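First up is the structure itself, then whatever we jot down about it.
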Amino acid sequence: MLPGFGFSIGDFIAAAGLIKKVSDALKDAGGASSDYQHVIIELEGLDRALKVVAALQPDHSNDSHVNAIRGMALSCQLPLHQFLFKIQKYEGSLGAIPSSRSIPRNARKAKWAVYVADQVQSLRAVIAAKVVSINLLLNVQISYVLLPSTI
């Protein structure tokens, strides 16, 4: 029987996956910088849309419905703002005009790829269900406004 070395095939596969993720992140085109910039555009666009939805003004006939829409929009904004605050430290390294030196910039790219990219997916999952609910509520509201006698 051979003695164990403390490493398994799974450890080597995990290390290879990590190396691939980091090397992909360090690419100038399509790497962590590009991913970061796309995430910022997506989240800031969503934030602007949520602000418009949250500013909807109800009237006496749709007060509870519009308040439900506004409440859902506000419930999306909190995790969105927390995440935007959390990732603002990457702007100097991954933004459209990087301001930091290459070694710290590459370290931020690697950290983005290893840790933050998965958190982006988690945030998308949390917000996606709420956005679907907002869309449904808005469509019902639009239908009510356009065809009030059928609803």
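No experiment lies behind these values; they were computed from the predicted model shown.
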> Are Q37 and S33 close enough, and set up right, to give a side-chain contact (heavy atoms from CB on, under 4.5 Å), and what steps lead you there?
Replying inline: CA-CA 6 Å; Q37 292 166 25; S33 295; 4.1 Å; yes
> Within a radius of less than 6.0 Å around NE2 of H81, do more than 12 heavy atoms belonging to other residues, nucleotides or ligands occur?
Replying inline: yes
>> Within this structure, what is the CG-CG distance for the pair L43 and L50, rounded to the nearest 0.5 Å?
In response: 10.5 Å
> Between CG of L94 and NZ of K111, what distance do you get to the nearest 0.5 Å?
Replying inline: 11.5 Å
> What do the steps show when you test I87 against V120 for side-chain contact (heavy atoms from CB on, under 4.5 Å), and what is the final call?
Replying inline: CA-CA 10 Å; I87 65 172; V120 170; 5.9 Å; no
>> Looking at every heavy atom in both K130 and S75, which two are closest together, and how far apart are they?
In response: NZ-O, 3.3 Å
> How many angstroms lie between atom CD of Q141 and atom CG of L136, to the nearest 0.5 angstrom?
Replying inline: 12.0 Å
> Can you tell which of L56, D59, V53 makes a side chain to side chain contact (heavy atoms under 4.5 Å, CB included) with V66?
Replying inline: L56
>> Looking at every non-hydrogen atom in both residues, tell me the closest pair between A54 and R70 and how far apart they are.
In response: O-NE, 3.1 Å
>> Within this structure, what is the CG-CD distance for the pair D47 and Q77, rounded to the nearest 0.5 Å?
In response: 5.5 Å
> Does some side-chain heavy atom of V116 sit less than 4.5 Å from a side-chain heavy atom of F83?
Replying inline: yes
> With sequence neighbours excluded, what pairs up with E42 under the salt bridge (Lys or Arg N to Asp or Glu O under 4.0 Å) test?
Replying inline: R124
> Should I134 and V52 be regarded as members of a common hydrophobic cluster, given that ILVMFWY residues are connected when their side-chain heavy atoms come within less than 4.5 Å of each other, either directly or indirectly?
Replying inline: no
>> Holding to ring-ring contact (aromatic ring centres under 6.0 Å, His included), I want the full list of residues that pass it with Y90, two or more places apart in sequence or in another chain.
In response: W112
> How long is the gap from CG on L138 to CD1 on I69, to the nearest 0.5 Å?
Replying inline: 4.5 Å
> Looking at NE2 of H65 and CG of L137, how far apart are the two atoms once the value is rounded to the nearest 0.5 Å?
Replying inline: 5.0 Å
> After noting the C-alpha distance and the side-chain angles of D63 and N67, does the key distance pass the side chain to side chain donor-acceptor pair (under 3.5 Å) rule?
Replying inline: CA-CA 6 Å; D63 194 31; N67 283 334; 3.2 Å; yes
> How far apart are the C-alpha atoms of L46 and V131, what are their side-chain angles, what is the distance that settles it, and do they pass the side-chain contact (heavy atoms from CB on, under 4.5 Å) test?
Replying inline: CA-CA 9 Å; L46 177 60; V131 169; 4.1 Å; yes
> Could you go step by step and tell me if K86 and Q119 meet the side chain to side chain donor-acceptor pair (under 3.5 Å) rule?
Replying inline: CA-CA 11 Å; K86 181 179 177 179; Q119 294 173 5; 2.7 Å; yes
